[in-house]
*Asks:* 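Attaching a single structure in structure tokens format; questions to follow.
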Amino acid sequence: MAIREILEVPDPRLKTVSTPVTVFDDELKTLVADMFETMYDAPGIGLAAIQVGVPKRVLVIDLQPDDPDAEPEVCNHGGHEHTHQPTKREPRVFVNPEILDPAEELSTYQEGCLSVPEIYADVDRPKTCRVRYQDVEGITYEEDLDGLLATCIQHEMDHLEGILFIDHLSRLKRNMALKKLNKMRAAA
Ligand code: GNR
Ligand code: NI
């Protein structure tokens, strides 16, 4: 497993339309493992393969990322002292995802993106949706999503089409966000 470099705006590769996965092999499993490691390290709640430079239709999501400031819990059941992850991981993989039945009703979340660091803005998206996807073995599932998971999967699916959350903002707000990012980079 390896932490991979996350591409940031204005890297032109982020505008790539990703292609479907057709081979469910060890290379795919390594990509997914590396994406989880990269997402938990960042930390973020989702990651699309194109964000690590791989133009394939693969997403990982975990709405319970590690809290880097949380104290590890020390236990000694089983007779020896050991520590537990303070947050429960809920890793989810979506290969070749498709959105079905997006709700007409919208909900607004303040979104951020690991490829647009330190910029946050409200985005409206369908409040619920159904998703059809495959797992790393190629098995197909369908599931109804709501709340942050519905929002997050739509944010990630946008990456597969080369779209960033700032593309949903007015040109004025997008330009303000990009200026702020450049200013923070100059100060760093
Ligand atoms: O870490 C992330 N947080 C987030 C918050 C609200 C809506 C979407 C997201 S996804 C983002 C990680 C990322 O950039 N995924 O592509
Ligand atoms: Ni993103």
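In this chain, residues are counted from 1 in sequence order. We count ligands from 1, going down the list as the structure has it; atoms in each ligand are counted the same way. Just the heavy atoms: all of them, side chains too, but no hydrogens, waters or symmetry mates, feed the values below.
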*Asks:* Look at K183 together with E118 and state whether they make a salt bridge at an N to O cut-off of under 4.0 Å.
*Replies:*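 Between E118 and K183 there is no salt bridge, as every charged N stays at least 4.0 Å from the carboxylate O atoms.
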*Asks:* Throw together a table of side-chain donor-acceptor distances under 3.5 angstrom for residues 162-173, partners on residues two or more places apart or in other chains.
*Replies:*
| from | atom 1 | to | atom 2 | distance (Å) |
| --- | --- | --- | --- | --- |
| D167 | OD2 | L164 | N | 2.8 |
| H168 | NE2 | D158 | OD2 | 2.7 |
| S170 | OG | K173 | N | 3.1 |

*Asks:* Classify the side-chain pair E8/S115 by whether it contains a donor and acceptor separated by less than 3.5 Å.
*Replies:*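 Side-chain D/A pair, E8 to S115: absent.
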*Asks:* For side chain to side chain donor-acceptor pair (under 3.5 Å), just list the numbers for Q110 and D122, CA-CA rounded to whole Å, side-chain angles, deciding distance to a tenth of an Å, and then say yes or no.
*Replies:* CA-CA 4 Å; Q110 189 179 59; D122 282 352; 4.6 Å; no
*Asks:* Same cluster for M35 and L28 if Ile/Leu/Val/Met/Phe/Trp/Tyr side chains link at under 4.5 Å?
*Replies:*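 M35 and L28: one cluster.
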*Asks:* Looking just at side-chain N and O atoms, do T108 and D124 make a donor-acceptor pair shorter than 3.5 Å?
*Replies:*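 Per modelled atom types, T108 and D124 side chains form a pair under 3.5 Å.
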*Asks:* Give the residues near ligand 1 by chain and number, with the criterion being a heavy-atom distance under 4.0 Å.
*Replies:*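 The 4.0 Å shell around ligand 1 contains G44, I45, G46, Q51, Q110, E111, G112, C113, L114, H155, E156, H159.
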*Asks:* Less than 2.8 Å from the Ni ion (ligand 2) is the window; count the protein N, O or S atoms in it.
*Replies:*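 Every protein N, O or S atom under 2.8 Å from the Ni ion (ligand 2) counted, the figure is 3.
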*Asks:* Quick one: sort the F36 and Y40 rings into parallel, tilted or perpendicular, breaks at 30° and 60°.
*Replies:*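 Geometry flag for Y40 against F36: parallel rings.
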*Asks:* Can you tell whether the side chains of E161 and R57 come within less than 4.0 Å, N to carboxylate O?
*Replies:*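 Yes, charged N to carboxylate O under 4.0 Å.
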*Asks:* Does I45 sit in a hydrophobic cluster with other residues, and if so which ones, taking ILVMFWY side chains as linked at heavy-atom separations under 4.5 Å, directly or through other members?
*Replies:*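 Other cluster members: L59, I61, L63, F94, I99, Y109, V131, Y133, I139, Y141, L145, L148, L149, I153, M157, L160.
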